Undergrad: 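Below is the structure I would like to discuss, written out as structure tokens.
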Amino acid sequence: MAGRCGQAPWRLTQAINYSVGIDASTLAPAMPVPTAPANGASGATPASDERIAGQLPVLHERITGWFAETARKLPWREPDCSPWGILVSEVMLQQTPVVRVLPVWQDWLERWPTPAALAREPAGEAVRHWGRLGYPRRALRLHAAAAAIVSEHGGQVPGTYTGLLDLPGVGSYTAAAVAAFAFGRREAVVDTNIRRVHARLMSGVALPAPSLSAAEMRLAAELLPDDDGTSVRWNAAVMELGALVCTARAPKCAACPVQDSCAWLAAGEPPPSYTPKGQAWHGTDRQVRGALMAVLRLADSPVPAEMFQQEPADLGFAADGIGVPLSALHRLNCAPEQLERALAGLLDDGLAELRQGGYRLPS
DNA sequence: AATCCGTGGTG
DNA sequence: TCACCAAGGAT
């Protein structure tokens with residue numbers, strides 16, 4: 001029964017119940033603080049270094065111990081959560097905070113408890129029930145992934161990294177995360193939280209480089225505990241540490257279980273060596289797409305193109321339930337060609353297919 | 001490699 | 001207020 005693994009030793013709940021007694025008296029003596037790299041720009045310090053290898057067991061114990069005491073209770077971490085539930089959570093969590101995912105995940109899993117259940121629905125229903133999670137193409141890809149799971153894997157979520165990687169919307173992070181968290185595999189899971197923890201703790205820099213490097217993947221692989229079960233808990237624990245303590249903006253170093261080993265703290269918290277590029281929004285096509293999506297999600301009948309261009313009050317049917325998003329769209333006052341471009345983009349991405357006949361092309 | 005793709009909370 | 005930011009992926 002691949003879907004149920006309540007007694008599986010890798011499950012994170014086991015880690016939470018597993019008390020390691022993290023009080024100071026049981027810890028190894030304070031580790032020597034690693035020398036911060038002279039050059040703060042580099043990515044990964046070679047972890048094959050004796051100095052780092054020697055303190056790995058202590059890092060493992062402290063961070064997994066902290067996790068056992070502190071981890072948030074999340075439904076996709078429950079021992080009876082299916083691989084499908086974990087896959088859905090991982091896709092929803094891409095670039096999206098936990099608190100916003102929770103209610104949508106609950107709705108999805110109740111509505112579509114298996115890949116087959118989702119696959120037999122029109123793709124538009126997946127997008128509609130995506131709600132306002134953002135990046136709605138993820139819903140489309142999750143629907144396509146469900147179809148692939150049914151047609152190519154007998155309805156069971158594949159349990160290997162490469163099998164997962166072949167699914168639409170599943171990249172290197174999600175494939176590793178599902179292989180680890182749903183199937184107990186030893187994988188180097190590298191997300192933005194883990195990258196930031198590694199950057200500070202091991203490399204002594206404030207932030208990881210803008211794009212994931214091969215050196216970072218090597219470092220993550222070398223930090224990974226040898227034991228399967230421990231490696232799964234380590235991945236989850238480092239991610240949680242990055243989410244709750246070693247945060248991007250205002251890190252809570254006083255609450256960090258490895259503060260005395262942190263290369264960045266030892267170096268005096270040097271500032272980032274670059275300034276992150278913000279994501280443009282106001283006045284962009286993305287903003288128009290978002291406004292269009294809001295209209296389409298709420299419409300339960302075809303939406304003529306004129307509706308997008310006309311004052312909702314002039315249409316005479318603002319009471320049909322989409323008056324508010326139509327007003328929001330109109331308030332953007334975007335150029336007609338930008339509106340056309342956004343519409344065309346939605347069509348290219350298959351995102352207008354909210355429901356059969358739910359959207360009509362501009363003619 | 002650099003860009004694009006949504007949304008809402010927050011320092 | 002406003003830019004940054006969040007369990008990335010695809011091209």
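Throughout, protein chains are lettered first and strands after them, A, B, ... in sequence-line order, and every chain is numbered starting at 1. Just so it is clear, the model here is predicted, and its values are computed rather than measured.
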Undergrad: Find which nucleotide of DNA chain B each of S211(A) and G134(A) is nearest to by heavy atoms, and output the residue with the more 5' nucleotide.
TA: S211(A)
Undergrad: Can you tell me, in whole Å, how much space there is between the C1' of dA1(B) and that of dG9(C)?
TA: 15 Å
Undergrad: With a non-hydrogen cut-off below 4.0 angstrom, is R195(A) in contact with a base, only sugar-phosphate, or nothing?
TA: nothing
Undergrad: Within the 4.0 Å heavy-atom criterion, would you say I194(A) contacts the bases, only the backbone, or no part of the nucleic acid?
TA: nothing
Undergrad: For the pair made of OH in Y135(A) and P in dT3(B), what is the distance, rounded to whole Å?
TA: 15 Å
Undergrad: Could you tell me how far apart E216(A) (CD) and dG8(C) (P) are, to the nearest whole angstrom?
TA: 13 Å
Undergrad: Rounded to the Å, how far apart are R138(A) CZ and dA10(C) C1'?
TA: 14 Å
Undergrad: R341(A): what forms a salt bridge (Lys or Arg N to Asp or Glu O under 4.0 Å) with it, not counting sequence neighbours?
TA: D285(A)
Undergrad: Quick one, V170(A) and V178(A) - any side-chain contact, counting heavy atoms below 4.5 Å?
TA: no
Undergrad: Starting the side chain at C-beta, find the nucleotide from dA10(C), dG11(B), dG6(B) nearest to L351(A).
TA: dG6(B)
Undergrad: Using a 4.0 Å heavy-atom cut-off, does T284(A) contact any base of the nucleic acid, only the sugar-phosphate backbone, or nothing at all?
TA: nothing
Undergrad: Taking all non-hydrogen atoms of both residues, which atom of L165(A) and which atom of S172(A) are closest, and how far apart?
TA: CD1-N, 3.7 Å
Undergrad: Measure CH2/W281(A) against P/dA6(C) and give the value in whole Å, please.
TA: 18 Å
Undergrad: Tell me yes or no: between the side chains of E240(A) and T70(A), is some donor less than 3.5 Å from an acceptor?
TA: no
Undergrad: Just call it for L74(A): base, sugar-phosphate, or nothing, with non-hydrogen atoms closer than 4.0 Å on any strand.
TA: base
Undergrad: Would you mind telling me which of dA7(C), dG8(C), dC4(C) lies closest to the side-chain atoms of R72(A)?
TA: dA7(C)
Undergrad: Checking contacts here: which listed nucleotide (dA6(C), dG6(B), dG8(C)) is nearest the side-chain heavy atoms of A248(A)?
TA: dA6(C)
Undergrad: Identify, between L165(A) and V98(A), the residue whose nearest nucleotide on DNA chain C lies closer to the 5' end.
TA: V98(A)
Undergrad: In whole angstrom, what separates Y173(A)'s OH from dG9(C)'s P?
TA: 8 Å
Undergrad: Looking at dA7(C), dG9(B), dC5(C), which one has an atom nearest to any side-chain atom of E240(A)?
TA: dA7(C)
Undergrad: If we take the C1' atom in both dG6(B) and dA6(C), what is their distance in whole Å?
TA: 12 Å
Undergrad: So what does R286(A) touch, heavy atoms closer than 4.0 Å: a base, only the sugar-phosphate, or nothing?
TA: base
Undergrad: Out of dA7(C), dC5(C), dG8(C), which has the shortest distance to the side chain of A243(A)?
TA: dA7(C)
Undergrad: Where the side chain of T192(A) is concerned, which of dT3(B), dA7(C), dA10(C) is the nearest nucleotide?
TA: dA7(C)
Undergrad: Please pick, from dC5(B), dA10(C), dA7(C), the nucleotide with the shortest atom-to-atom distance to any side-chain atom of R196(A).
TA: dA7(C)
Undergrad: Using OP1 and OP2 only, check whether a side-chain N or O of Q95(A) sits under 4.0 Å from dG8(C).
TA: yes
Undergrad: For S89(A), which contact category applies under a 4.0 Å heavy-atom criterion: base, sugar-phosphate, or nothing?
TA: nothing
Undergrad: Rounded to whole Å, how long is the line connecting atom CD of E90(A) with atom C1' of dA6(C)?
TA: 14 Å
Undergrad: At under 4.0 Å between heavy atoms, what does P136(A) touch on the DNA or RNA strands: base, sugar-phosphate, or nothing?
TA: sugar-phosphate
Undergrad: With the side chain counted from C-beta on, respond yes when H198(A) and E216(A) share a heavy-atom pair under 4.5 Å apart, and no when they do not.
TA: no
Undergrad: Going by heavy atoms in the side chains, are M293(A) and L346(A) under 4.5 Å from each other?
TA: yes
Undergrad: Distance check, C1' atoms only: dT1(C) and dG8(B), in whole angstrom units.
TA: 16 Å
Undergrad: More 5' along DNA chain B: A250(A) or M293(A), using each one's nearest nucleotide?
TA: M293(A)
